[in-house]
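The structure appears below as C-alpha cells.
The structure presented is a predicted model; accordingly, all values stated were derived computationally and were not measured.
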Amino acid sequence: MSLLLIDTDIASFIFKGSDYADPYLPLLSSQELALSFMTVAELLQWAILRQWGDHRLEQLEQYLSNYLIIPVDQTLCRQWAQVRVER
C-alpha cells in the first residue's frame, strides 16, 4: 500500500457519490489516501458557504476523518512552491 494524495475535486466527487468519481475509484483502492490541509479547508469552506446544517457538516467531517491530513510546515510550502514554478 502506498500513500496517495488526492485533490479537492476527487475528494468532493467521492463524498457526493458523484459519477465523476467512478474512473478514479479503481486507482484509489488499496491505497492509503491523504488530503492536504488546503483541500480540507476548501471542502469545509464549500459547506459553510452553502450553509449546510450541523448534520451534513458532521457527515463531511466524518468523511474527512478517513484520510491522512498532511500537515503544513515551511518545508512543505517550499516544495509546493517549487512544484508550481516547475509546472
Side-chain angles (χ1 to χ4, degrees):
M1 180 183 321
S2 60
L3 183 64
L4 186 64
L5 181 68
I6 63 172
D7 75 354
T8 305
D9 288 339
I10 304 307
S12 176
F13 296 156
I14 294 168
F15 177 71
K16 294 186 290 187
S18 170
D19 292 342
Y20 290 122
D22 292 348
Y24 301 99
L25 296 177
L27 302 170
L28 304 178
S29 66
S30 302
Q31 304 291 329
E32 181 180 4
L33 301 178
L35 300 172
S36 73
F37 77 97
M38 211 175 329
T39 290
V40 173
E42 289 171 354
L43 292 171
L44 291 169
Q45 175 188 358
W46 173 55
I48 293 166
L49 283 172
R50 285 160 181 77
Q51 299 179 345
W52 286 8
D54 290 338
H55 179 70
R56 184 83 167 132
L57 192 54
E58 286 173 19
Q59 288 177 324
L60 176 60
E61 290 175 343
Q62 177 62 39
Y63 166 74
L64 295 173
S65 73
N66 294 311
Y67 294 91
L68 171 66
I69 308 301
I70 305 296
V72 64
D73 61 20
Q74 190 164 358
T75 301
L76 179 61
C77 291
R78 181 178 289 261
Q79 290 171 340
W80 178 239
Q82 189 63 43
V83 166
R84 291 180 55 89
V85 165
E86 291 174 9
R87 71 173 187 118

Within one Ile-Leu-Val-Met-Phe-Trp-Tyr cluster: M38 and L60, side-chain cutoff 4.5 Å: no
CZ-CD1 distance between R50 and I48, expressed to the nearest 0.5 angstrom: 11.5 Å
Joint cluster assignment, L68 & F37, ILVMFWY side-chain distance < 4.5 Å: no
Joint hydrophobic cluster, L5 plus L3, side-chain heavy atoms closer than 4.5 Å: yes
Min side-chain heavy-atom separation I6-Y67 under 4.5 Å: yes
Heavy-atom pair with the smallest gap, counting every atom of L4 and L27: CD2-O, 4.0 Å
ILVMFWY network linking I70 to F15, side-chain heavy atoms under 4.5 angstrom: no
Chi angles and distances behind the side chain to side chain contact (heavy atoms under 4.5 Å, CB included) call for I14, L25: CA-CA 8 Å; I14 294 168; L25 296 177; 4.0 Å; yes
Contacts of Y20 that satisfy ring-ring contact (aromatic ring centres under 6.0 Å, His included) - sequence neighbours left out: F13
Residues in side-chain hydrogen bond (donor to acceptor under 3.5 Å, both in side chains) contact with E86, at least two apart in sequence or another chain: Q82
Linked, directly or transitively: Y63 and L35 (ILVMFWY side chains, under 4.5 Å): yes
Closest approach of S12 to W46 (non-hydrogen atoms, all atoms of both residues): OG-CH2, 3.7 Å
Separation of D54 CG from E61 CD (nearest 0.5 Å): 9.5 Å
Side chain to side chain, L57 and L44, heavy atoms closer than 4.5 Å: yes
More than 12 heavy atoms of other groups within 6.0 Å of N66 CG: yes
